[in-house]
Asker: 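Mind looking over this structure? Questions follow.
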Amino acid sequence: MRFSQLYAPTLKQAPSDAEVVSHELLYRAGFIRKVAAGVYSYLPLAKRTLSKIEKIVREEMNAIGAQEVSMPIIQPAELWKVTGRWEDYGPEMMKLKDRHDREFTLGPTHEEVFTEVVKDELRSYKQLPVFLYQIGSKYRDEIRPRFGLLRAREFIMKDGYSFHDSQESLNEAYQACRRAYSRITERIGLEYLIIEAASGAIGGSESHEFVSFAPIGETNLLRCERCGYSSNDEQAPYKGLYTKTDDTEKPLTLVHTPNVRTVEQVASFLGVRPSHIVKSLLFVGRNGFVMALIQGDRELNLEKLKVYLNDQSLRLAEPDEVYERYNVPIGFIGPVGIKNTRVVADHGIRYMKNVVVGGMKQDYHYINANLNRDFYVDSYTDLRVVQANDPCPNCGAPLSGSKGIELGHVFKLGTKYSKSMNALYMDQKGELKPFIMGCYGWGVSRTMAAVVEQLHDQNGIIWPRSISPFEVIITVVSMQDHNQKAYAERIYRDLSEKGIEVLLDDRELSPGMKFTDADLIGFPLRITVGKSLADGLVELKLRNQEKPLKIKIEGDPVSSKVMEMLKEYNPHRKV
RNA sequence: CGGGGCGUAGCGCAGACGGCUUAGCGCGCCUGCCUUGGGAGCAGGAGGUCGCUGGUUCAAGUCCAGUCGCCCCGACCA
């Protein structure tokens with residue numbers, strides 16, 4: 001490819017809305033353009049990189065026996081109503097109606113469609129297992145799209161689904177996919193971590209995430225240096241100690257706390273530690289209001305509460321809803337005297353004495369409230385968001401915290417979808433059984449952005465060789481110089497014939513611009529053909545190398561040295 | 001959804017408080033000359049429904065209302 005013919009509009013200035021480095025660099029380097037909030041066009045450079053990522057994903061999926069298919073993006077609402085996800089997935093879905101007013105969604109994921117497709121054809125255990133996948137666009141009406149490709153409303157994803165007649169068979173596919181994902185990440189050249197994860201609205205039991213390290217990532221990682229445990233903070237169980245006290249119970253007292261609402265305000269107004277306050281949070285779910293109690297200095301993990309109550313529709317109640325129902329502004333809500341509301345508490349609540357809670361009356365709080373005397377709890381569970389320095393659930397050593405970008409996610413779904421969709425096969429004994437299912441996602445477009453987050457410097461992107469749009473760029477310093485031009489053409493032909501993907505920068509531009517573009521786009525290797533050609537020299541420079549290497553050309557073009565340098569190229573290392 | 005902000009040339013911005021002339025600047029683009037090792041120089045030039053709709057006014061990019069779009073923060077706050 002010649003640069004003079006490549007559509008790669010590079011920009012000196014970053015667009016004003018670019019917030020994270022991957023967004024800025026992909027935009028400036030001419031990979032992407034925005035069409036609407038969270039919706040992007042992929043220009044030729046991006047398309048080449050995305051195709052390479054897809055190819056790696058495809059090869060690794062095929063290698064574990066998964067078969068590629070392609071399912072429709074547009075899906076009828078009925079399919080989603082059967083599994084209850086028309087409501088559960090709800091606002092995240094892009095919904096539309098056809099001319100007859102029939103409802104559809106642009107698929108945010110494809111469990112229903114895949115299950116529907118196989119249910120009538122797979123009738124016997126003899127046909128199992130089956131593992132299908134596709135690579136295509138997904139649509140999620142994100143509450144707030146941001147960070148460019150990292151949280152987009154349209155994005156490219158590989159999603160796979162497997163169907164089994166036993167847990168063992170599911171385990172095999174699950175482990176195979178985990179290995180495939182590890183190979184994908186390694187071939188791309190990302191630094192990553194596999195963590196235990198929450199399964200969220202997809203449902204199911206076991207689940208792991210593949211997360212690439214990035215400070216701007218939205219996944220909170222917890223890691224144990226001692227035993228290697230790793231998890232995200234939505235999933236990690238709290239296995240620490242709870243503070244117990246032997247304090248004698250003091251009498252319950254209502255105190256005037258004008259305009260004091262938050263835990264912090266209450267703590268400073270009353271001069272108590274946040275850990276002495278009980279936070280009372282009201283949620284709304286399928287069965288109405290639920291009150292959750294947690295120690296004031298801890299965050300509540302909504303995922304844990306959803307799982308505990310088996311209600312994915314659970315959400316924090318709006319202040320208006322709370323006021324309408326209890327006649328008390330949020331901030332003064334508490335468990336004392338609350339009626340007709342299920343109360344779920346974190347285990348820690350059991351051991352607290354003489355606590356501060358909302359007064360159930362505007363501008364009042366109770367002090368010295370005590371469990372089973374002044375208020376009551378229906379059940380206890382672990383509701384805490386585990387934080388850095390909490391003990392590791394495995395070995396008790398303090399956890400360390402960091403951030404990452406979720407690239408891949410594997411789930412054991414079990415029979416959630418097959419049961420509700422009546423997707424059954426006949427087992428050896430002639431009994432009808434629901435398929436045991438697994439599901440496996442990989443964010444393709446997000447991977448491109450995640451790589452840029454990890455691999456860049458002040459001049460631009462530093463692509464790993466495996467997914468760079470081109471492996472080599474040949475920069476001709478002066479197109480006026482016939483020798484330079486002719487020799488560059490010669491290397492170009494030679495490398496192309498040897499199967500290297502080369503971009504020849506044959507533009508009539510000042511050398512500065514060419515160098516800047518080459519660095520910005522981030523090709524692994526640059527060959528500069530310039531004035532030193534007169535002395536029989538060209539320069540080779542890896543993208544992460546400080547100084548170029550001058551090599552003698554002596555008849556043979558530079559291909560063997562190029563091959564050698566590309567082989568050794570490690571974009572993560574500064575050279 | 002709540003709060004804040006923005007919308008003026010391809011990109012980045014000024015002009016708006018304090019109303020009126022020909023709406024500017026940098027980059028980019030076009031032509032010519034010159035130049036070719038890190039976004040060169042000189043000269044000339046093209047490019048604008050000032051997001052949209054309506055209102056106020058002699059006069060609106062500027063004031064008012066509505067609307068659309070975009071961005072940021074928050075939405076685990078009690």
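Below, chains carry the letters A, B, ... as their sequence lines are ordered, and counting in each starts from 1. Predicted model only: the values in this text are computed from it and were never measured.
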Asker: So that I can tick it off, tell me whether E321(A) and R315(A) are bridged by a salt bridge, with the cut-off set at under 4.0 angstrom between side-chain N and carboxylate O.
Answerer: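 Salt bridge present between R315(A) and E321(A).
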Asker: Of the residues in residues 544-554 of chain A, which ones touch RNA chain B at a heavy-atom distance under 4.0 Å?
Answerer: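 Close to the strand, none.
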Asker: Would you please confirm or rule out a distance under 4.0 Å between OP1 or OP2 of U36(B) and any side-chain N or O of K514(A)?
Answerer: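 No, outside the criterion.
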Asker: Using heavy atoms to find the nearest nucleotide of RNA chain B for K541(A) and P15(A) separately, return the residue whose nucleotide is more 5′.
Answerer: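 In this pair, the answer is P15(A).
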Asker: What nucleotide, of A78(B), C71(B), G37(B), holds the atom closest to the side chain of I330(A)?
Answerer: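 Of the options given, the side chain of I330(A) lies nearest A78(B).
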Asker: By nearest nucleotide on RNA chain B, pick out whichever of E19(A) and G530(A) is the more 5' one.
Answerer: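 Checking each residue's closest nucleotide, the 5'-ward one belongs to G530(A).
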Asker: Out of A78(B), C70(B), G39(B), which has the shortest distance to the side chain of R153(A)?
Answerer: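 Nucleotide nearest to R153(A)'s side chain: C70(B).
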Asker: A75(B) and C20(B): how far apart are their P atoms, nearest whole angstrom?
Answerer: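 Those two atoms are separated by 44 Å.
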Asker: Between D17(A) and K34(A), is the salt bridge (charged side-chain N to carboxylate O under 4.0 Å, His left out) condition met? List the steps.
Answerer: CA-CA 10 Å; D17(A) 56 4; K34(A) 188 171 74 176; 2.8 Å; yes
Asker: So, is S16(A) near the phosphate of C13(B), with a side-chain N or O under 4.0 Å from OP1 or OP2?
Answerer: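 It does, given that an N or O in the side chain of S16(A) lies less than 4.0 Å from OP1 or OP2 of C13(B).
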Asker: Can you check the distance between G61(B) and U22(B), where both ends of the measurement are the P atom (answer in whole Å)?
Answerer: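 Comparing P positions in G61(B) and U22(B) gives a spacing of 12 Å.
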Asker: If we take the P atom in both U8(B) and G4(B), what is their distance in whole Å?
Answerer: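 Roughly 22 Å separates the two P atoms.
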Asker: Does S280(A) make a side-chain N or O approach to OP1 or OP2 of A78(B) shorter than 4.0 Å?
Answerer: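 No, because none of the side-chain N or O atoms of S280(A) sits under 4.0 Å from OP1 or OP2 of A78(B).
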Asker: Between C71(B) and C13(B), how far apart are the two P atoms, rounded to whole Å?
Answerer: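 It comes out at 14 Å once rounded to the nearest Å.
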Asker: Report each atom pair, protein N/O against N/O of nucleotides 45-52 of chain B, whose distance is under 3.5 angstrom.
Answerer:
none

Asker: Go along nucleotides 26-33 of chain B 5' to 3' and tag each nucleotide: B for a protein heavy atom under 4.0 Å from its base, S when only backbone or sugar atoms are that close, - otherwise.
Answerer: BS------
Asker: Thinking salt bridges, do R286(A) and D311(A) make one under a 4.0 Å N-O criterion?
Answerer: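 Salt bridge present between R286(A) and D311(A).
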Asker: Keeping the roles fixed (side chain from E471(A), backbone from E501(A)), state whether a donor-acceptor pair exists under 3.5 Å.
Answerer: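 Present.
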Asker: Going through the distances and angles, do R85(A) and E92(A) end up as a salt bridge (charged side-chain N to carboxylate O under 4.0 Å, His left out)?
Answerer: CA-CA 11 Å; R85(A) 287 212 297 177; E92(A) 291 270 288; over 6 Å; no
Asker: Determine the Euclidean distance between corresponding P atoms of U49(B) and A9(B); express it in Å to zero decimal places.
Answerer: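 Looking at atom P only, A9(B) and U49(B) are 8 Å apart.
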Asker: Is a side-chain donor or acceptor of R261(A) paired with a backbone partner of G331(A) at a separation under 3.5 angstrom?
Answerer: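 A pair under 3.5 Å: no.
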Asker: Taking atom C1' in both A14(B) and G3(B), what distance in whole Å separates the two?
Answerer: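 Approximately 28 Å lies between the C1' atom of A14(B) and that of G3(B).
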Asker: For RNA chain B, which residues of residues 366-385 of chain A approach it to below 4.0 angstrom with any heavy atom?
Answerer: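 Output list: empty, so none.
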Asker: Looking only at atom types and distance, does a side-chain atom of D494(A) sit under 3.5 Å from a main-chain N or O of R490(A), one as donor and one as acceptor?
Answerer: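 No; zero donor-acceptor contacts below 3.5 Å.
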Asker: What integer number of Å spans the C1' atoms of U21(B) and A60(B)?
Answerer: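 Comparing C1' positions in U21(B) and A60(B) gives a spacing of 15 Å.
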Asker: Going 5' to 3' through nucleotides 1-9 of chain B, assign each nucleotide B (protein heavy atom under 4.0 Å from a base atom), S (under 4.0 Å only from sugar-phosphate atoms) or - (no protein heavy atom that close).
Answerer: ---------
Asker: Give the rounded distance in Å between these two atoms: CG of L281(A) and C1' of A78(B).
Answerer: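 Roughly 7 Å, once rounded to whole Å.
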Asker: Closer than 4.0 angstrom, basic N to acidic O: yes or no for E489(A) and R2(A)?
Answerer: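 Between R2(A) and E489(A) there is a salt bridge, with a charged N closer than 4.0 Å to a carboxylate O.
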Asker: Under 6.0 Å between ring centres, would you say that holds for Y326(A) and F289(A)?
Answerer: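 Yes, the ring of Y326(A) comes within the 6.0 Å limit of the ring of F289(A), centre to centre.
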Asker: Which whole number of Å gives the distance between the P atom of C64(B) and that of U57(B)?
Answerer: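 Comparing P positions in C64(B) and U57(B) gives a spacing of 16 Å.
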Asker: Can you check the Q484(A) CD to G37(B) P distance for me, whole Å?
Answerer: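 These atoms are roughly 9 Å apart.
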Asker: Looking at K550(A) and D535(A), is any side-chain nitrogen of the basic one under 4.0 Å from a carboxylate oxygen of the acidic one?
Answerer: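 Here D535(A) does not pair with K550(A) in a salt bridge, since their nearest N and O are not under 4.0 Å apart.
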Asker: Categorize T262(A) for me: base, sugar-phosphate, or nothing, with a 4.0 angstrom heavy-atom threshold over every strand shown.
Answerer: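 It contacts sugar-phosphate atoms only.
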Asker: Any chance you could measure Y42(A), atom OH, to K47(A), atom NZ, to the nearest 0.5 Å?
Answerer: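 Between atom OH of Y42(A) and atom NZ of K47(A) there are 8.5 Å.
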Asker: Is the closest basic N to carboxylate O distance between R146(A) and E19(A) below 4.0 Å?
Answerer: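 No.
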Asker: Heavy atoms only, 4.0 Å cut-off, all strands: where does S532(A) land among base, sugar-phosphate and nothing?
Answerer: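 S532(A): base contact, heavy atoms under 4.0 Å.
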Asker: On the 0 to 90° scale, with breaks at 30° and 60°, tag the Y27(A)-H23(A) ring pair as parallel, tilted or perpendicular.
Answerer: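 Because their plane-to-plane angle is over 60°, the rings of Y27(A) and H23(A) count as perpendicular.
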Asker: Is a side-chain N or O of K485(A) found less than 3.5 angstrom from the main chain of V476(A), in a donor-acceptor match?
Answerer: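 No.
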Asker: Hey, is D297(A) close enough to R273(A) for a salt bridge, meaning N to O under 4.0 Å?
Answerer: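 Salt bridge: no.
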Asker: Donor-acceptor check, side chain of N301(A) to backbone of V386(A), threshold 3.5 angstrom: yes or no?
Answerer: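 Not confirmed, N301(A) side chain does not pair with V386(A) backbone.
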Asker: Answer with base, sugar-phosphate or nothing: what part of the nucleic acid does D481(A) contact at a heavy-atom distance below 4.0 Å?
Answerer: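 Result for D481(A) = nothing.
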Asker: Determine yes or no for a side-chain-to-main-chain donor-acceptor pair under 3.5 angstrom, with R543(A) supplying the side chain and D519(A) the backbone.
Answerer: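 Side chain of R543(A) to backbone of D519(A), a donor-acceptor pair under 3.5 Å: yes, one is there.
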Asker: Tell me every residue that passes ring-ring contact (aromatic ring centres under 6.0 Å, His included) with F523(A), counting only those two or more places apart in sequence or in another chain.
Answerer: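 With sequence neighbours excluded, F523(A) shows a ring-ring contact (aromatic ring centres under 6.0 Å, His included) to no residue whatsoever.
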